[in-house]
Amino acid sequence: MKTQINGTDILELGFPEGKIIGIALKINSKRNGFTRDEMITHYKNVLETPENYIDDKIFSKLAVALIEKSNEKPEDFIALNQNPNAYSAYGLDHIEDGARKQMEVAMKLPVTVAGALMPDAHQGYGLPIGGVLATKNAIIPYGVGVDIGCRMALSVYDIPEDFYFENEAKFKRELIANSIFGAGHGFHGQYKSDHAVLENEAFNMNPFVKNLKDKAWSQLGSSGGGNHFVEFGIMEFAKDDVVLNIPKGKYVALLTHSGSRGMGATIAGHYTKIAKEECKLPEVARNLAYLDMNSQLGQEYWMAMNLAGDYASACHEIIHNKMERALGATILAKVENHHNFAWKETWNGEEVIVHRKGATPAGKGVMGIIPGSMTAPGFLVRGKGQENAINSASHGAGRQMSRTQAIKNITQTEMKSILRDHGVTLIGAGLDEAPMAYKDINQVMEAQKDLVDVVAKFTPKLVRMADDGSRED
C-alpha cells in the first residue's frame, strides 16, 4: 500500500511549484518500503542537500531536478551576496545544523544588514525559528512567520500560592470556561467578544484583508493549536522588584501563548506568494523573498502585519479580562511581549527592519516572558540591550524533537509520569507537545545570560492546550 502524501504536503516542505512536485509524488507512488514519516524525512533531506542524493536509487531524479532548478536564472534574478557579514549566535553548540544553514543563507540577502541566532533556534521555513535579521528597507513575510504577532501575556494576581492549591478545582473550572482552542474554533452569536481592534481602519485597506474580518471576529479571544496554551502557575519573585512594585513572594499568575489565528496565517500565505513572484531569489533563498518598503505591496504587508499583531494582542486581552472577572482578583502586574514580527529600529545609527521570528525583544529595560515547557519553569526577564544580539533573546526553550519525532519516540505513559512528577494538571495537548520534545530551558537561559536579567520564575501548574493537534486555518 502506498504512503499517503499529496502535493500540498510536498509544497509545505518548501519544494518549488511545478514539475518537481510531480517527480516527488511519482517517487512516492512506487513501492519503496518507507513509511509516511520516513518519506517526509527523506524529502526534507533531499531538499536540504540534493547533492547527497545524486546517486540514490530512489531519489536521484528528484535531487538532479532540484539542483537544475537552483541554477535557473530568470531575467530579473537577484544574486546573493557571496561575502556576507558574520552573524552572532548564542548557545551554538546546541543548535541544529539546519537552523545554522538557514541563517547563513539569510545573511547573504542583498538587503541584510545584521543577524543573530538565539539559543532556542531550530529549523523553520525561510528564517529559522529563533532567528533575528535586520534588513535595509525590506520586509520578509517568512522572516516574520506564519503566526504573525504570536505573543506571551502574563497577569500576576494578588493571590498567594496556598490559595491556588486549596482551590485548584475552581481554577480548573474557570480555565475550561474561559478558553477555547484549535484551528477553526471560535465563538458565535452572543458568545462573540467585541474589541476596538475590529474597528481598525486597516481592515478596509483592500478586499483581501476586508474578507478576513468575519473569521477574525469569530476567533477573537480564542487560542490556536500547536504549542499555544493558557495556564495557571506560581510566579516567584526572589526579591522585591521596584519597577513592577511587587514585593518578594510567590503569587498565582496566568500565562497565555497564542497569536493572530487564521487571519495571520492567511495574511502570511498571501503575501509570501506575492513576494516570491516579485522577488526572484535563488532556490536556496526562495522562502526569504522580500518586499521593498517603498512599494505599495511592501506597505500593504506592513499594515496587514501590524493589524494581525494588534488582533493577537486583543485575543490575549480578552482572555485575561475574562479570567480577572471570574477570579475576582486584583492584577499586580501585566507583562506582554511578542515575536514573529518586524519592527523599525535603529541599529548602528541607521533605521533597519528587525525581523524576530521566534525571538523576544530584549532592548535595555524591556520586559519579556520566556517559557520553558508544560513542566519546566518560565522566566520573567528584563532586557539588557545587547547590540550583538540585535536587542533580542530567545522566545522559549525551543524544540529538540520535531513533532513527528516526539509522537514516534514518546509514550503516553512517559508523558503522564513526568506531568505527575512535576504536579502539573494537563487539559488537552498531544505527544508532540510533551516536555521531553523541548530543550533544557536552564541551558538556554545560561546561554543568554548576557542578553537578559531574570526578574521572576514561573512554575506551571494547570495547563490547557489544543487537543486535536491542529494547525492554524
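For the pair K322 and F187, the cation-pi test (distance below 6.0 Å, angle within 45°) is passed. Both tests hold for K357 against Y142: distance to the six-membered ring centre under 6.0 Å, angle to the ring axis within 45°.
Between E104 and K108 there is no salt bridge, since no side-chain nitrogen of the basic residue lies less than 4.0 Å from a carboxylate oxygen of the acidic one. A salt bridge is absent between E17 and K276: the closest approach of a Lys/Arg side-chain nitrogen to an acidic carboxylate oxygen does not fall below 4.0 angstrom.
Y438 is linked by a side-chain hydrogen bond (donor to acceptor under 3.5 Å, both in side chains) to R399, E433, counting only residues two or more places apart in sequence or in another chain.
Scanning all heavy atoms of the two residues, the minimum distance from N204 to K210 falls at OD1-CE, 3.8 Å. Minimum heavy-atom separation, H395 to I129: CE1-CG2, 3.9 Å. The two residues H270 and F208 come nearest to each other via the heavy atoms CB-CZ, 3.2 Å. Shortest non-hydrogen contact noted between V156 and A253 is CA-CB, 4.2 Å.
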Practice task
Assess whether side-chain contact (heavy atoms from CB on, under 4.5 Å) is satisfied between C279 and I78, documenting all intermediate values.
Solution key: CA-CA 7 Å; C279 179; I78 299 172; 3.7 Å; yes

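Between H339 and H257, the ring planes are tilted. Angles from 30° to 60° get that label. Taking the six-membered ring where the residue is Trp, H320 and H316 present tilted rings, their angle falling between 30° and 60°. Between Y157 and F232, the angle of the ring planes lies from 30° to 60°, which puts this pair in the tilted group. Relative ring orientation between W343 and H338 is described as tilted, the plane-to-plane angle lying within the 30° to 60° band.
Between Y301 and V144 there is a side-chain heavy-atom pair separated by less than 4.5 Å.
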